Amino acid sequence: MTKRYAVILAAGQGTRMKSKLYKVLHPVVGKPMVQHVIDHLNAVNLDKTITVVGFGAEKVKEEIGAQTEFVIQEEQLGTAHAVLQAKDLLKDAEGTTIVACGDTPLITGETFRKLVEHHEQSGASATILTADTPDPAGYGRVIRNAEQQVERIVEHKDASEEELLVNEINTGTYCFNNAHLFEALQKVSNDNVQGEYYLPDVIEIMKDDNKLVTAYLTSDFEETLGVNDRVALSEAERIMKKRINEKHMRNGVSILDPEQTYIGPDVVIEQDVTIHPGTTIQGKTTIESDAVVGPNSELINAHIGQNTVVKQSVVHDSKIGSETSVGPFAHIRPDSIVGNHTKVGNFVELKKATLGDESKVSHLSYIGDAEIGKNVNVGCGTITVNYDGQNKHLTKIADNAFVGCNSNLIAPVTIGEGAYVAAGSTINKDVPDNALSIARARQTNKENYAERLKGNKGKKD
């Protein structure tokens with residue numbers, strides 16, 4: 001089987017983005033552009049991926065990690081010069097090399113796969129990924145001969161009137177016979193106004209050497225969009241969001257208002273889930289069948305069980321069971337596990353908390369660093385006091401316990417199985433199983449004392 005490689009060009013500074021963030025790290029639907037490119041290239045089953053970095057190299061390496069190898073382009077001397085930086089890693093390799101840009105997040109894995117298959121089946125030295133557009137202004141035109149083979153690429157400024165009528169454009173993505181690529185790169189000249197080495201010149205060099213150059217025409221011009229500024233970034237967001245939402249809807253998900261629903265590329269949603277407007281779902285989130293999410297909810301790296309409702313709430317890095325109700329206005333913070341048939345209600349915050357099956361925290365509570373068993377009722381306004389100013393401590397509430405309203409549970413503390421905590425109590429000692437704990441001052445009524453207070457109104461010392 002033919003070996004396959006990829007070189008991702010990600011060394012440009014992206015000055016038109018007007019940003020402190022390195023261009024290829026700008027996110028599209030929550031994921032850096034260059035990560036989309038890497039993910040989509042994986043459809044080709046690559047043997048080696050090399051990313052060419054320059055300005056901001058360390059940040060790119062930190063974001064991508066071990067997914068690719070890296071080479072540095074110290075000076076920005078053009079796209080051919082950028083590819084040449086991978087010479088030491090690829091010069092002796094036999095096979096196919098894809099050259100892709102790190103700012104083209106919309107090219108799909110299917111398109112990369114078809115490009116490579118076309119290239120390898122044709123036996124070409126180079127294959128250009130092309131697209132048709134009704135407005136090709138500014139793009140290099142791909143000129144074919146009578147046999148529909150590529151004759152040359154003509155830049156817009158150099159095109160004749162006849163060539164300007166051609167709508168097939170060069171997208172900047174290529175497939176090469178690896179050996180032929182590095183042989184041609186040695187011949188590329190920088191004899192131009194900018195003094196740079198351009199990768200399209202490789203095509204002309206190969207043609208002059210009587211090597212076969214072909215083109216694969218993708219059916220979707222939009223996916224070839226390169227992102228060079230914030231306007232193009234927003235357009236990429238729009239296209240990617242639409243693509244993702246349509247995929248889920250065709251798979252049986254009801255998205256009531258796709259324009260107002262934002263779903264990341266790695267999200268898994270099962271059939272018969274309903275997504276209401278204003279909802280954002282990102283990261284490695286999974287939503288099981290028949291769940292309802294939204295309106296105005298945010299899920300990041302969350303797992304939502306079957307038939308669960310998450311309404312106007314935030315869930316991060318946590319797992320919610322089945323047949324459960326969350327919200328409105330709940331905040332499930334990281335490392336929380338909410339069981340089946342539970343309720344996390346209005347203005348409840350969970351942090352690193354476990355809530356067992358059939359338990360309820362219905363109103364206005366903070367439950368942090370807590371292990372709550374099954375069939376527990378946590379009353380309105382209950383707080384687990386988990387922080388002593390230096391360390392966090394654990395609160396444990398066993399099965400079938402009942403915690404009354406406006407209780408403070410000062411950790412570390414354990415409420416036993418079947419125990420009751422009276423409303424308004426501040427608990428700082430363990431409560432035994434089946435006990436009733438009352439920790440509040442005895443009420444004292446002073447008859448007619450209010451009259452004395454009223455009499456003092458308006459008086460000054």
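Side-chain atoms are counted along with the backbone in the values below, which use heavy atoms only and exclude waters and symmetry mates. The structure displayed is predicted, hence computed values, not measured ones. One-based numbering along the sequence shown.
Environment of CD in E62: sparse, with no more than 12 heavy atoms of neighbouring residues, nucleotides or ligands closer than 6.0 Å. Surrounding NZ of K207 are more than 12 heavy atoms belonging to other residues, nucleotides or ligands, all under 6.0 Å away. Atom NZ of K392 has more than 12 heavy atoms from other residues, nucleotides or ligands within 6.0 Å. Heavy-atom neighbours of Q306 CD from other residues, nucleotides or ligands within 6.0 Å: above the threshold of 12. No more than 12 heavy atoms of other residues, nucleotides or ligands shown are found within 6.0 angstrom of CD on E259. Counting heavy-atom neighbours within 6.0 Å of K396 NZ, excluding the residue itself, gives a total of 12 or less.
Contact check for V142 versus V150: side-chain heavy atoms found under the 4.5 Å cut-off. The shortest distance between side-chain heavy atoms of Y5 and D47 falls below 4.5 Å. Inter-residue side-chain proximity for T133 and T224 is flagged as unmet; no heavy-atom pair is nearer than 4.5 Å.
Remark: R230 does not engage E237 in a salt bridge, criterion side-chain N to carboxylate O under 4.0 Å. Under the 4.0 Å criterion applied to side-chain N and carboxylate O atoms, D39 and K31 are assigned as salt-bridge partners.
No donor-acceptor contact under 3.5 angstrom links the side chains of E75 and H81, judged on distance only. A side-chain donor from one of H316 and E298 sits under 3.5 Å from a side-chain acceptor of the other.
Looking only at distances, a side-chain donor or acceptor of S189 sits under 3.5 Å from a matching main-chain atom of D191. Checked by atom type and distance alone, the side chain of H119 never pairs as donor or acceptor with a backbone atom of L115 at under 3.5 Å. Of the possible polar contacts, none joining the S362 side chain to the G345 backbone as a donor-acceptor pair under 3.5 Å is found.
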Per-pair distances, 0.1 Å, donor-acceptor, side chain in residues 95-105, under 3.5 Å, sequence neighbours excluded:
residue: T96; atom: OG1; partner: E120; partner atom: OE2; Å: 3.0
residue: T97; atom: OG1; partner: N178; partner atom: OD1; Å: 2.6
residue: D103; atom: OD2; partner: K23; partner atom: NZ; Å: 2.7
residue: T104; atom: OG1; partner: C101; partner atom: O; Å: 2.7

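Cation-pi geometry between K87 and F182 is not satisfied (NZ or CZ under 6.0 Å from the ring centre, within 45° of the ring normal).
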Report the C-alpha separation of N346 and L364 in whole Å, then their side-chain angles, then the decisive distance to 0.1 Å, and conclude whether the side-chain contact (heavy atoms from CB on, under 4.5 Å) test is met. CA-CA 6 Å; N346 307 51; L364 298 163; 5.9 Å; no
Show, in sequence, the C-alpha distance, side-chain angles and deciding distance for K311 and F329, and conclude whether the side-chain contact (heavy atoms from CB on, under 4.5 Å) test is met. CA-CA 7 Å; K311 185 177 183 180; F329 311 116; over 6 Å; no
